[in-house]
Amino acid sequence: MARPHENHREDVAGRANVEDTPELLAYYNDLDRFGAGALWTVANKIEPWEPKSESVPMLWRYNDLRSHVLRSVELVTPEKAGRRVIYLRNPGRDDVAAAVGWLYSGLQVMHPGEAASAHRHSASAVRFILEGAGAYTVVDGHKMTLGRNDFVLTPNGTWHEHAVAADGSPSIWQDCLDIPFVNAMEANFYEVHPDLSQAVGFAVDDMTKTWGNAGLTPAVQWGKPYSPMFKYEWEPTYEALSRYAACTDGSPFDGVLMEYVNPTTNGPVMRTMGASMQMLRPGERTKAHRHTGSYLYTVAKGSGHSIINGKRFDWSERDIFCVPSWAWHEHANASATEDACLFCLSDIPVMRALGLFREQAFGDNGGHQPIL
Ligand code: 1HN
């Protein structure tokens, strides 16, 4: 059966604008029968003038989701579910389970004494800790204790498992993975650990103690294409932002923004996803800009609002919101006395590596400045 005929015409010189005639419609039908089509009917659709995200700006309130995340503990076991996770849905991206763009995110809960089995996959992940005590993750034999606002890497191909110590408390963290991207690349493999659990082969938190030392690097080689510092802790992050804030005006678009880096390269923590922490000083309100690449923001501290493509989203601690690629956005701190901090997870490393990063300030030449 022939597919319904689509014809995306634009009355602009240099764009396709062919009217349908009985002869052409018959021709399109003929092409369709042989698995082909006429480019001029779809050219304007597949070559938009600028990025058009299918993702919708969204805010997920922690207060709305928390009790439902905790309820999953009564409903399913980690043994049966693999991971107890409530994932964040974007109405435009349900088909690929993306929270925004090609990024997946979810809230995972674990009770004291529970453990999730070890596995590995081609997708990379970060975990950002929202609440609880005693949680830990093991990545390739390195055990990391997890505190509030810490974040942990589980890069492409590394074995990983999570647990909460018996004397800990119910723990919730945010998972962010590049699964939709890796699936779009049709390159995702998945493997369960043969023993379901890894032996811990190193001192607890050794990677952070080895690599996270105020600009000092150990005299050891690290040949892998991701950061050896598997865990970045909140206290040194906040201290770094506070120190930097005391001697900079910051960016008019981003406030005081610092990138988490691979200490062996100064580049992003992983090849597909980057992370940063952004401080909005008391009363600060940023100017609007837009760029390619998708962003997931988690409110680490404080409260405020963001305006994304003209819509206002009010946020407070532990809420999560997203900014789709090429969406205008600006942020405001609600407090005149306290700073606010946003943890930002993005696919910017992909955009930069592939030469696809573009950025524009609101009002620049009325938006008519050439972007390419
Ligand atoms: C995964 O490995 C974890 O390791 C969480 O905790 C969520 C969602 C999809 C695929 C793999 C984890 C995941 C995931």
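All of these numbers come straight from a predicted model, not from anything done at the bench. Index from 1, following the sequence. All ligand and atom numbering here is 1-based and tracks the order in the structure.
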Test: Arg93 cationic atom under 6.0 Å from Trp102 six-membered ring centre, within 45° of axis: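 Yes - Arg93 lies over the ring of Trp102, closer than 6.0 Å to its centre and within 45° of its axis.
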
Ring center gap for Tyr297 and His331 short of 6.0 angstrom: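 Distance test on ring centres: under 6.0 Å, yes.
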
Check: Phe313 ring centroid to Phe321 ring centroid under 6.0 Å: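 Not under 6.0 Å, so no.
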
Residue pair Arg281 / Asp249: nearest heavy atoms and the distance that separates them: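 Shortest heavy-atom contact: NH2-O, 2.8 Å.
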
Over all atoms of both residues, closest heavy-atom pair of Val109 and Ser72: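 So the two residues come closest at CG1-OG, 3.4 Å.
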
Option from His305, Arg285, His289 for which side-chain hydrogen bond (donor to acceptor under 3.5 Å, both in side chains) with Glu330 holds: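 For Glu330, the side-chain hydrogen bond (donor to acceptor under 3.5 Å, both in side chains) test succeeds with only one of His305, Arg285, His289, which is Arg285.
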
Pairs under 3.5 Å, N/O atoms on ligand 1 and on the protein: can you put them in a table with the distances?
{"unit_1": "ligand 1", "atom_1": "2 (O)", "unit_2": "His119", "atom_2": "NE2", "d": "2.6"}
{"unit_1": "ligand 1", "atom_1": "2 (O)", "unit_2": "His121", "atom_2": "NE2", "d": "2.8"}
{"unit_1": "ligand 1", "atom_1": "2 (O)", "unit_2": "His160", "atom_2": "NE2", "d": "3.2"}
{"unit_1": "ligand 1", "atom_1": "4 (O)", "unit_2": "Arg83", "atom_2": "NE", "d": "3.0"}
{"unit_1": "ligand 1", "atom_1": "4 (O)", "unit_2": "Arg83", "atom_2": "NH2", "d": "3.1"}
{"unit_1": "ligand 1", "atom_1": "4 (O)", "unit_2": "His119", "atom_2": "NE2", "d": "3.4"}
{"unit_1": "ligand 1", "atom_1": "4 (O)", "unit_2": "Arg127", "atom_2": "NH2", "d": "3.3"}
{"unit_1": "ligand 1", "atom_1": "4 (O)", "unit_2": "His160", "atom_2": "NE2", "d": "3.1"}
{"unit_1": "ligand 1", "atom_1": "4 (O)", "unit_2": "His162", "atom_2": "NE2", "d": "3.1"}
{"unit_1": "ligand 1", "atom_1": "6 (O)", "unit_2": "Arg83", "atom_2": "NE", "d": "3.0"}
{"unit_1": "ligand 1", "atom_1": "6 (O)", "unit_2": "Gln108", "atom_2": "NE2", "d": "2.9"}
{"unit_1": "ligand 1", "atom_1": "6 (O)", "unit_2": "Arg127", "atom_2": "NH1", "d": "3.2"}
{"unit_1": "ligand 1", "atom_1": "6 (O)", "unit_2": "His162", "atom_2": "NE2", "d": "2.6"}

